[in-house]
Amino acid sequence: MNFSPSEAYFDGALADAQSEEWGRLPDTGQSVVVEHTSANPTGPVHVGRARNPILGDALARVLDYAGHDVTREYYVNDAGRQMAVFTWAYETFDERDLPEPEREKPDYELVRYYRKGNEFLEEGDPEAVEEAEEEIAAIIEGLDAGDEETYERVETVVDQVLGGMRETLGRLPAEFDEFVKETRFLRDGSTHDVVDDLRDSEHAFREEGAWQLDLEAWDIEQSFVFLRSDDTTLYTTRDLAHHEWKFEAFDYAITVLGEDQELHANKLNAALDILGNDTDRLEEVFYAWVNLPGGESMSTRQGTGVDMDDLLDEAVARAEEAVRSRLDDRIRGDDLTDEDVERIARQVGIGAVRYDIVSKQPTKAITFDWEDALDFEGQSAPYVQYAHARACGIAAEADGLKPELDAGLLDTPEERDLLKAIARFPGVVEEAAAEREPHQVATFAREFVDVFNAFYRSRHVLGEDVDDDVAAARLALVTAARRTLANALDVLGIEAPESM
RNA sequence: GGGCACGUAGCUCAGUUCGGACAGAGCGUUCGGCUUCUAACCGAAAUGCCGGGGGUUCGAAUCCCCUCGUGCCCGCCA
């Protein structure tokens, strides 16, 4: 069977793609909360977890383009043992006994206490360690009981560290609509309500003083402890209350998690089911680790790994070098100021890092490699950004020419291929959103550029040998291509420079 | 031991849901292209038992079973 699209299809795509809204789908009326990153506020964001904010942010963006009402949530784990250890360490150790911070930034400054505290607990004098453990336990109990003073002590640490982390994440950029603190569900009593409800369920039992759930019916062999024998709650218990809040506030909830969280997620789902929730409204997107070349994993506690700030700085520095080295043989006469160079370097450098991560299937493990992450040629953000800048260049040189929306004048194979590629974009957004796979948009963007470059090479817009009406139609085509590129990059959270 | 994921050119990866044309890109290698809207680009060449074995099918990278390798998980941690 053979069929081909009608002229109306090409005319429609050409017209629709002139809009800044190109690729956006009609409102679904559905609210979706995308929880991502949610890294414990223990120290600087490192590259080992870089996939979470980049994937999560891109996922939120593609769902937004697909017409959902998206809320981006960072769940702040401020109630666990880690934060109790951190708070104790912060109050106990003297700054004079700590090494110099790697950066003048609160997350780098405070993580020194956290590392020192952990080191002490591992290697310190047993009696002193026991004493410390008592203090730590007191903090956990204070939080669990909703004690205001304890809450404030912990908050002092959490808010400072989180502030530093937010700054780093903002560079990607990964920004959030809500920072939801775990302690909120202790202070409002909802965690303890969950405990009461679970205790009444037919799956609950008590063993060695701890309350737990038998999840055999969900094919989970390990039981789910929801109340310790000392009657304090666990992270997972609080997460149940957290998710009941999500069910209350949103139609749909998606969580971006590392693959190590899968069992936890399954247990959480089963317990939410027991509590009578519609767990079809909850979904997880898992990603595999970013590891270091030697197979070493990145750890905040141990201080191994590459800090995200260092990666981004290096990316921007290399991009600036690339921009400057090209300044001399630029043909286009738009003199770039130092400010322009810096802006472009930032857009290109950070875009390259983002694209490197967002373009791959999240379930595949990545070994971090400086050269690969900072490659500005081939299948990369700069490749797509460059095509966008070229398209902008044509528009900038086209003074006086008015675009003409007439696909009938665009009948060469290169023009037809480009029209078809433009027309595909909304469908790609729809598919990527439905599958929760932002990397499909990255693949589309790269393929789109191949088609655009074929057109760019063979069909000039501005030239003495091009008829005026054809030039006008081609200008409209270039505008549509430019819009497609800009919005595809926008879905991925990558900026589209108008000049490079 | 059990569960989940991954294995496609020297390297990094698309394609696997929903089976269909000689399996596609980029990097690297070899050759070629800036008096023409930006060469961070483009063209050409070489490179593959799609981890292995079996099965289903007219047809399998794709579905099923087995197997090998790698990562992650199997806490009254988060």
Review point. Can the ring centroids of A/Tyr113 and A/Phe86 be said to lie less than 6.0 angstrom from one another?
Key: no

**Study point:** For A/Asn269, all residues meeting side-chain hydrogen bond (donor to acceptor under 3.5 Å, both in side chains), sequence neighbours excluded
**Key:** A/Glu284

Check your understanding: Can you tell me if the side-chain N/O atoms of A/Arg326 get under 4.0 Å from OP1 or OP2 in B/A40?
Key -> yes

Practice item. Go through the structure and list residues passing side-chain hydrogen bond (donor to acceptor under 3.5 Å, both in side chains) with A/Gln222, not counting sequence neighbours. Key: A/Lys267

Check your understanding: Syn or anti for B/C13, taking syn as within 90° of 0?
Key -> anti

Point to revise | A/Arg390 charged N/C atom sitting above A/Tyr456 aromatic ring, 6.0 Å / 45° | key: yes

Exercise for review: May I ask you to verify if any side-chain N or O of A/His460 is less than 4.0 angstrom from the OP1 or OP2 atom of B/U38?
Suggested key: no

Please write out each protein N/O paired with an N/O of nucleotides 16-20 of chain B under 3.5 Å, distance rounded to 0.1 Å.
from: B/U17; atom 1: O2; to: A/Glu435; atom 2: OE1; distance (Å): 3.0
from: B/U17; atom 1: N3; to: A/Glu435; atom 2: OE1; distance (Å): 3.2

Check your understanding: Which nucleotide, B/C76, B/A14, B/C37, lies nearest any side-chain atom of A/Leu462?
Key -> B/C37

Practice item. Examine B/C37: is either OP1 or OP2 under 4.0 Å from a nitrogen or oxygen in the side chain of A/Arg459? Give yes or no. Key: no

Check your understanding: With a non-hydrogen cut-off below 4.0 angstrom, is A/Val225 in contact with a base, only sugar-phosphate, or nothing?
Key -> sugar-phosphate

Check your understanding: Are any of the side-chain nitrogens in A/Glu447 or A/Arg424 under 4.0 Å away from the carboxylate oxygens of its partner?
Key -> yes

Check your understanding: Between residues 209-216 of chain A and RNA chain B, which residues have a heavy-atom gap below 4.0 Å?
Key -> A/Ala210

Review point. Using a cut-off of 4.0 Å on non-hydrogen atoms, how would the nucleic acid contact of A/Glu262 be classed: base, sugar-phosphate, or nothing?
Key: sugar-phosphate

Exercise for review: Look at the side-chain N and O atoms of A/Gln379 and state whether any lies under 4.0 Å from the OP1 or OP2 oxygen of B/U12.
Suggested key: no

Check your understanding: Does A/Thr363 make a side-chain N or O approach to OP1 or OP2 of B/C6 shorter than 4.0 Å?
Key -> yes

Under 3.5 Å, which protein N or O atoms sit close to an N or O of nucleotides 41-45 of chain B? Give each pair with its distance.
from: B/C41; atom 1: OP1; to: A/Gly378; atom 2: N; distance (Å): 3.3
from: B/C41; atom 1: O3'; to: A/Asn453; atom 2: ND2; distance (Å): 3.2
from: B/C41; atom 1: O2'; to: A/Arg390; atom 2: NH1; distance (Å): 3.1
from: B/C41; atom 1: O2'; to: A/Arg390; atom 2: NH2; distance (Å): 3.4
from: B/C42; atom 1: OP1; to: A/Tyr383; atom 2: OH; distance (Å): 2.8
from: B/C42; atom 1: OP1; to: A/Asn453; atom 2: ND2; distance (Å): 3.3
from: B/C42; atom 1: O3'; to: A/Arg457; atom 2: NH1; distance (Å): 3.1
from: B/C42; atom 1: O2'; to: A/Arg457; atom 2: NE; distance (Å): 3.4
from: B/C42; atom 1: O2'; to: A/Arg457; atom 2: NH1; distance (Å): 3.4

Review point. What class does the angle between the rings of A/Phe176 and A/Tyr74 fall in, given that below 30° is parallel, 30 to 60° is tilted and above 60° is perpendicular?
Key: perpendicular

Check your understanding: How is A/Val478 classified with respect to the nucleic acid when contacts are heavy atoms under 4.0 Å: base, sugar-phosphate, or nothing?
Key -> nothing

Practice item. Could you work out which one of B/A40, B/A14, B/A39 sits closest to the side chain of A/Tyr456? Key: B/A39

Review point. Taking the side chain of A/Ile394 as its heavy atoms from C-beta onward, which of B/A78, B/C74, B/C37 lies nearest to it?
Key: B/C37

Check your understanding: Which residues pass the side-chain hydrogen bond (donor to acceptor under 3.5 Å, both in side chains) test with A/Thr232, sequence neighbours left out?
Key -> A/Arg228, A/Asp230

**Study point:** Check: A/Leu492 main-chain N/O paired with A/Arg354 side-chain donor or acceptor under 3.5 Å
**Key:** yes

